[in-house]
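Report on the structure given below.
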Number of protein chains: 2
Amino acid sequence: MNLDEARERFIQSWGALGSNWGINRTMAQIHALLLVSPEALSAEEVMEGLDISRGNANMNLRALIDWGLARKVHKSGERKEFFIAEKDIWRVAMQVIIERRKREIAPVLQMLSEVKSVGGSSDDPQVQAFIQSVDDLDTIVGQADSFLELLVKADQNWFANTLLKLFTKEKLNN
Amino acid sequence: MNLDEARERFIQSWGALGSNWGINRTMAQIHALLLVSPEALSAEEVMEGLDISRGNANMNLRALIDWGLARKVHKSGERKEFFIAEKDIWRVAMQVIIERRKREIAPVLQMLSEVKSVGGSSDDPQVQAFIQSVDDLDTIVGQADSFLELLVKADQNWFANTLLKLFTKEKLNN
DNA sequence: TAAAACTTTCAATTAGTTCTGAAATATTCA
DNA sequence: TGAATATTTCAGAACTAATTGAAAGTTTTA
């Protein structure tokens with residue numbers, strides 16, 4: 001496999017992954033293209049590299065910047081703006097994804113606490129069963145929420161060192 | 001709020017959550033409906049309960065079974081098949097993680113290892129830089145994958161007690 | 001075995017999302 | 001300032017995913 005083929009394959013795959021995680025395909029592809037480009041690229045170059053329209057390139061570059069996954073750089077003597085990917089993608093990408101997930105969970109926790117009020121102290125077994133299910137969900141969704149919250153605060157080194165080592169130890173002990 | 005309203009609200013919300021987590025809305029709604037139904041439901045009942053077509057119900061019930069989130073049950077004296085959801089919500093969460101790992105993370109790791117082979121031992125700085133980027137990603141994605149694998153092997157109590165408590169302590173210490 | 005009961009499939013439709021490209025706006029240069 | 005260059009916007013087009021419903025397939029019963 002030569003460099004161009006490898007880049008192409010990488011960009012395609014990364015795009016597919018992104019689209020499964022709530023990042024649109026083109027946005028993820030632009031991100032991939034910037035990641036594997038040693039130099040900052042102009043909007044023009046992104047358009048050509050991925051064969052997309054000016055509007056599309058512009059919109060998704062802006063979205064990437066919004067998300068903190070890319071930024072504009074200025075090349076002296078150049079009039080155009082250039083773009084590079086944030087290389088520390090753990091910090092940024094994970095942050096973004098985790099925060100998104102948290103935002104999605106919040107309304108569910110709200111809903112769960114609301115529906116628990118159903119029927120008050122009814123002893124209808126249907127109601128009992130429903131409340132039981134909802135309680136279980138509430139527990140686990142709550143745990144997921146706390147966990148995500150902690151991940152948001154964790155940084156890459158903390159994750160790599162503390163967490164992974166801990167897991168290894170735990171696993172060996174059991 | 002009465003039981004039917006609560007169920008309805010629950011089904012809607014769960015459907016919305018699912019669609020953000022790689023499970024399509026209808027699939028998640030069917031799962032929710034089965035979760036809050038004390039009895040197993042027939043395809044017919046699912047269709048009526050969610051007001052969806054026969055084909056849609058069938059396809060998504062099959063998908064749920066595929067994902068290990070529901071199963072068919074047989075009622076004696078009945079000719080129809082009935083469906084019941086996995087009620088242990090921890091297992092549901094783990095099952096979703098298992099499937100998504102298989103479907104999404106595995107191919108990405110595969111791709112990363114393939115594209116790393118680019119140019120063999122070339123000392124072209126372009127190639128070097130590309131390999132560097134890919135290596136970084138490989139590390140991160142690999143760590144995330146290992147983490148998920150361990151999580152899947154862990155049980156809920158372990159997670160709730162050890163992991164969450166540990167995180168809390170870590171956070172306070174830093 | 002045949003008709004009834006039930007399940008699955010799939011082509012066509014509908015709904016939802018993303019992309020294009022040309023026009024409008026903004027910025028830079030001389 | 002005004003011509004050239006660069007960026008942004010957005011309505012409609014193109015594309016993708018989800019859904020329908022009718023027909024084909026399968027299993028059961030009598």
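Order of the sequence lines fixes the chain letters, A, B, ..., with proteins taken first and strands second; residue numbering starts at 1 for each chain.
Whole-Å rounding puts the B:Met47 CE to C:dA5 C1' distance at 14 Å. Between the NE2 atom of A:His74 and the P atom of C:dT28 there is a distance of 7 Å, rounded to whole Å. Atom CG in B:Leu50 sits about 15 Å away from atom C1' in D:dA18, given to the nearest Å. Between the CD atom of A:Glu81 and the P atom of C:dA26 there is a distance of 15 Å, given to the nearest Å. Between the CG atom of A:Leu61 and the P atom of D:dT7 there is a distance of 10 Å, given to the nearest Å. Per the geometry, NZ belonging to A:Lys72 stands 12 Å off C1' belonging to C:dT27, to the nearest Å. Atom CD of A:Glu78 and atom C1' of D:dT7 are 15 Å apart (whole Å). We find that CZ of B:Arg62 is positioned 14 Å from P of D:dT26, with the value rounded to whole Å.
Cation-pi contact between B:Arg100 and B:Trp67: absent, since separation from the ring centre below 6.0 Å together with deviation from the ring axis within 45° is not met.
Shown here is B:Arg91, whose CZ atom has no more than 12 heavy atoms of other residues, nucleotides or ligands within 6.0 Å.
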Tabulate atom names and distances for all N/O pairs under 3.5 angstrom spanning the protein and nucleotides 19-22 of chain D.
residue: D:dT19; atom: OP1; partner: B:Arg25; partner atom: NH2; Å: 3.3
residue: D:dT19; atom: OP1; partner: B:Thr26; partner atom: OG1; Å: 2.8
residue: D:dT19; atom: OP2; partner: B:Thr26; partner atom: OG1; Å: 2.8
residue: D:dT20; atom: OP2; partner: B:Ser53; partner atom: N; Å: 2.8
residue: D:dT20; atom: OP2; partner: B:Ser53; partner atom: OG; Å: 3.0
residue: D:dT20; atom: OP2; partner: B:Asn56; partner atom: ND2; Å: 3.0

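Within the nucleic acid shown, B:Glu44 has no heavy atom closer than 4.0 Å to any nucleic acid atom.
Salt bridge absent: B:Asp136 and B:Lys116 never bring a charged side-chain N and a carboxylate O closer than 4.0 Å. Comment: A:Glu114 engages B:Arg9 in a salt bridge, judged by a side-chain N to carboxylate O separation of less than 4.0 angstrom. The pair B:Glu86-B:Arg71 does not count as a salt bridge, with every side-chain nitrogen at least 4.0 angstrom from each carboxylate oxygen.
Considering only residues two or more places apart in sequence or on other chains, A:Asp124 meets the salt bridge (Lys or Arg N to Asp or Glu O under 4.0 Å) condition with none of them.
Under 4.0 angstrom from either OP1 or OP2 of D:dT8 there lies at least one side-chain N or O belonging to A:Asn58.
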